[in-house]
Amino acid sequence: KYPQLFNTATFLSGFLSVSSQEFMLADIIAENDPNGNGAPYTFDPNAGLFSYMAFSMAGAITPNLDNDPPVDFPIDQNGDMVQAVWDQWLAISPDERISAVRDDFEDLDIYFNVGTADEFGFYPGNDAFALALDNRGIEYTYELFPGQTHLLTEERMIAAIEFINQSFLDATQEPAY
């Protein structure tokens with residue numbers, strides 16, 4: 001939002017694509033149907049990790065104080081996507097928004113990494129973000145850590161810090177005239 005103030009964006013196992021997270025639907029339903037009774041479902045943010053993550057995202061993306069819990073949830077009681085709500089989620093997805101960014105973001109140094117065994121499924125979202133950047137012609141650094149999970153290891157954190165450090169150094173260099 002403020003490219004004149006920032007020169008680096010760094011994501012470590014980031015949630016970079018809402019559309020690639022549809023896989024969570026089955027996990028959310030399973031968490032909210034422990035006895036396997038099927039629909040109708042009553043979704044509970046405390047039912048499990050995926051439900052908690054989905055309700056946290058809903059609180060940020062589609063809050064609705066008239067509901068209990070106070071969100072518009074993207075899944076209805078039958079387990080189907082609520083398209084109007086899902087469209088709002090897609091509208092803020094980094095991989096979708098990158099096509100609408102202003103040209104001044106093209107000078108932003110972008111770094112992201114993810115483990116290929118990420119248990120939250122963020123790996124495909126990072127790939128989708130890379131593709132969106134490629135389609136826009138925006139340069140970036142994307143590192144995969146084979147076999148690693150979502151856990152941020154020392155190796156991954158050092159790689160990100162080194163990238164940020166180099167970006168800051170590059171930004172402070174005087175132009176050669």
Side-chain angles (χ1 to χ4, degrees), residues 1-24 27-28 45 48-63 70-72 74 85-177:
K1 188 171 181 177
Y2 301 102
Q4 70 280 13
L5 299 177
F6 303 100
N7 71 322
T8 305
T10 304
F11 311 95
L12 307 177
S13 290
F15 185 76
L16 300 177
S17 174
V18 172
S19 58
S20 70
Q21 302 307 313
E22 285 189 57
F23 77 92
M24 287 176 41
D27 293 311
I28 294 166
L49 179 63
F50 289 99
S51 296
Y52 178 79
M53 290 185 339
F55 273 94
S56 295
M57 290 185 290
I61 303 167
T62 51
V71 298
D72 284 334
V85 175
W86 188 242
D87 287 346
Q88 292 178 64
W89 284 44
L90 290 174
I92 62 91
S93 183
D95 65 321
E96 299 289 331
R97 290 185 50 86
I98 203 70
S99 64
V101 297
R102 298 187 326 256
D103 290 339
D104 51 5
F105 275 88
E106 293 176 1
D107 292 329
L108 189 65
D109 292 335
I110 301 171
Y111 173 87
F112 52 109
N113 72 35
V114 69
T116 58
D118 186 295
E119 65 274 31
F120 302 123
F122 291 173
Y123 173 38
N126 280 255
D127 279 350
F129 187 64
L131 180 61
L133 292 169
D134 286 341
N135 290 339
R136 184 67 198 271
I138 298 173
E139 293 183 25
Y140 60 91
T141 299
Y142 178 26
E143 291 188 290
L144 295 175
F145 289 85
Q148 289 191 16
T149 63
H150 192 76
L151 182 66
L152 298 179
T153 63
E154 181 179 350
E155 173 189 21
R156 289 171 62 189
M157 296 193 57
I158 288 172
I161 291 169
E162 287 175 346
F163 181 87
I164 293 167
N165 184 55
Q166 187 60 51
S167 180
F168 287 168
L169 288 173
D170 292 346
T172 61
Q173 300 299 314
E174 293 288 328
Y177 293 104

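These values consider heavy atoms only, across backbone and side chains, with no hydrogens, waters or symmetry-generated copies.
- Across all non-hydrogen atoms, the minimal contact from Arg156 to Leu12 is O-CD2, 4.3 Å.
- Annotation for Leu16 and Pro94: closest pair O-CB, 3.6 Å, computed over non-hydrogen atoms.
- Within the 4.5 Å cutoff, the side chain of Ile164 has no heavy atoms near those of the Tyr111 side chain.
- Within 6.0 Å of the OH atom in Tyr52, the count of heavy atoms belonging to other residues, nucleotides or ligands does not exceed 12.
- Looking at Thr141 and Ile110, their side chains never come closer than 4.5 Å, going by heavy atoms from C-beta outward.
- Taken from CD1 in Ile158 to CG in Asn165, the straight-line distance is 12.5 Å, to the nearest 0.5 Å.
- How far CZ of Phe168 is from OG1 of Thr8: 5.0 Å, rounded to the nearest 0.5 Å.
- Between the OH atom in Tyr123 and the OG1 atom in Thr116 there is a gap of 6.0 Å [rounded to 0.5 Å].
- If you take OG1 on Thr62 and CG on Asp87, they are separated by 11.5 Å, rounding to the nearest 0.5 Å.
- Residues satisfying the side-chain hydrogen bond (donor to acceptor under 3.5 Å, both in side chains) test with Gln88, not counting sequence neighbours, are none.
- Although no hydrogens or angles enter the test, the distance criterion places no donor-acceptor pair under 3.5 Å between the side chain of Ser13 and the main chain of Val114.
- Between the CZ atom of Phe145 and the CG atom of Asp118 there is a distance of 13.0 Å, given to the nearest 0.5 Å.
- In this structure, OG1 in Thr10 is found 9.5 Å from CG in Asn113, a value given to the nearest 0.5 Å.
- At least one donor-acceptor pair closer than 3.5 Å links the side chain of Asn7 to the backbone N or O of Ser167.
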Would you tabulate the side-chain donor-acceptor contacts of residues 126-135 under 3.5 Å, counting partners in other chains and residues two or more places apart, or write 'none'?
| residue | atom | partner | partner atom | Å |
| --- | --- | --- | --- | --- |
| Asn126 | ND2 | Gly14 | O | 3.1 |
| Asn126 | ND2 | Phe122 | O | 2.7 |
| Asp127 | OD1 | Tyr142 | OH | 2.8 |
| Asp134 | OD1 | Tyr140 | OH | 2.8 |
| Asp134 | OD2 | Tyr140 | OH | 3.2 |
| Asn135 | ND2 | Leu131 | O | 3.4 |

